[in-house]
Each structure stands twice: as structure tokens, then as C-alpha cells.
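Everything numeric here is computed off the predicted structure, so don't read it as measured data. First listed ligand is number 1; within each ligand, the first listed atom is number 1.
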Amino acid sequence: MTSPGDSDRPVTLFEAVGGEPTFRKLVDEFYAGVATDPLLRPMYPEEDLGPAADRLTLFLMQYWGGPNTYSAQRGHPRLRIRHAPFRIGAAERDAWLHHMRRAVDRLDLPPEIATALWNYLERAAYFMVNVVEDPAAGA
Ligand code: HEM
């Protein structure tokens, strides 16, 4: 795919969704959900969720082909290591994905782009789980 009248440079997903404003909207919607979530909200160390929203926005922009501002400010993402201080089990993962699903839906993206974005977010959320739970213990 090429952008109209442009070179043969492939269009990144970052460009295809409309660049930074779309990622800001996604993450703002997501954090509006986190702010009211009894499981997730207490996990965030800062009173103000704004800086956390900024970090997630910059990370996602960079991942999808936008500017490398995240790494310029924070270094290598190492996301599993950065999440190690937080207990992330199935309930935390599912709560995170619940708010992210709503946020993705609010963007009204073309279905194939929404699917690509969602598949990544879902995979990444499963990857971030860092506690082993005994399935027999839960019920
Ligand atoms: C699975 C459930 C998840 C939970 C409960 C969770 C929770 C958290 C918490 C509590 C923080 C600290 C807030 C901050 O200081 O920024 C954080 C940071 C962050 N999370 Fe997650 N997270 C989850 C999944 C993900 C996923 C799937 C991604 C990426 C696709 C992600 C990307 C980030 C980034 C980029 C940061 C900031 C890292 C930094 O630069 O310090 N998180 N997360």
C-alpha cells in the first residue's frame, strides 16, 4: 500500500489511523475506564494518570511506526520488566483488555485496521501476565 501521490514507501499503521491524535484518543478513552476501575486504579502509583497515559500513548505510537519519542525519553521498552512490580493475573489482564476494547471500538477504524490493532493489544496483554494461578483454586 502506498500513500496517494507519494513514493512507494509503505504506509504505517500509525499513519493509516491518523497519527498521534488517534493514539491520544485511544489512550484517553482507555484511561477514562481505568480511572473508575476498582481493580486497576489502585495499581497505578501516581495520583495523576496523565503521565501514565502519555507513556502508553508514546509507546503505542512508536510500536506502530510513529516517532521514537518513547525510547528517546524512556529507553528500551522492556515492558515485562517494567510491569514486574505489579501483580498481573487473569483478572487484571481481562480488566485491562475490557477498557482497551471499548477504547478501540470508539475509534471507528476500518475493520482490518481495528483487527490488527486489537490482535496486537490482546497478545501483548497476555504476555504481560506475571503470576501463575492455579486454575483449581479459583472456583
Ligand atoms: C495486562 C494488563 C496490564 C496492566 C494491569 C498494566 C498496568 C500498568 C501499570 C500499573 C503501569 C505503571 C503506570 C506508569 O507509570 O506508566 C504500566 C505502565 C505501562 N504499561 Fe502497562 N499494564 C498492562 C498491560 C500493558 C500492555 C499490554 C502494554 C502494551 C501494549 C502496556 C504498556 C505500558 C507502558 C508503555 C507503560 C509505561 C512504561 C514506562 O515507560 O515506565 N501495558 N502498566
### Task
Quick one: look up the protein heavy atom nearest atom 7 (C) of ligand 1 and list residue, atom name and how far away it is.
Y44 OH, 3.5 Å
### Message
For ligand 1 and E46, I'd like to know whether there is a polar contact (N/O to N/O, distance under 3.5 Å).
### Response
no
### Message
Residue-level breakdown please: for R74 versus ligand 1, do any non-hydrogen atoms fall below 4.0 Å on the side chain, on the backbone, on both, or on neither?
### Response
side chain
### Task
Specify the protein heavy atom at minimum distance from atom 5 (C) of ligand 1: its residue, its atom name, and the distance to 0.1 Å.
M43 CE, 3.7 Å
### Query
Within the side chain of R80, is there an N or O that forms a donor-acceptor pair under 3.5 Å with the backbone of V129?
yes
#### Entry: Y120, any N or O under 3.5 Å of ligand 1 N or O
no
### Task
State whether the shortest distance between N or O atoms of H83 and N or O atoms of ligand 1 falls below 3.5 angstrom.
yes
### Task
Please determine if R55 has a nitrogen or oxygen closer than 3.5 Å to a nitrogen or oxygen of ligand 1.
yes
#### Entry: L79 neighbourhood, listing ligand 1 atoms whose heavy-atom distance to it stays under 4.0 Å
29 (C), 32 (C), 34 (C), 35 (C)
### Query
Side chain, backbone, both or neither: which part of F127 has a heavy atom under 4.0 Å from ligand 1?
neither
### Message
Centre-to-centre under 6.0 Å for F14 and Y63, is that the case here?
### Response
no
### Query
Tell me, which protein residue and heavy-atom name are nearest atom 4 (C) of ligand 1, and how many Å apart are they?
W96 CD1, 3.4 Å
### Query
Which heavy atom of the protein is the closest neighbour of atom 35 (C) of ligand 1, given with residue, atom name and distance?
F59 CB, 3.5 Å
### Message
Parallel, tilted or perpendicular, judged at 30° and 60°: which one describes the rings of Y120 and W64?
### Response
perpendicular
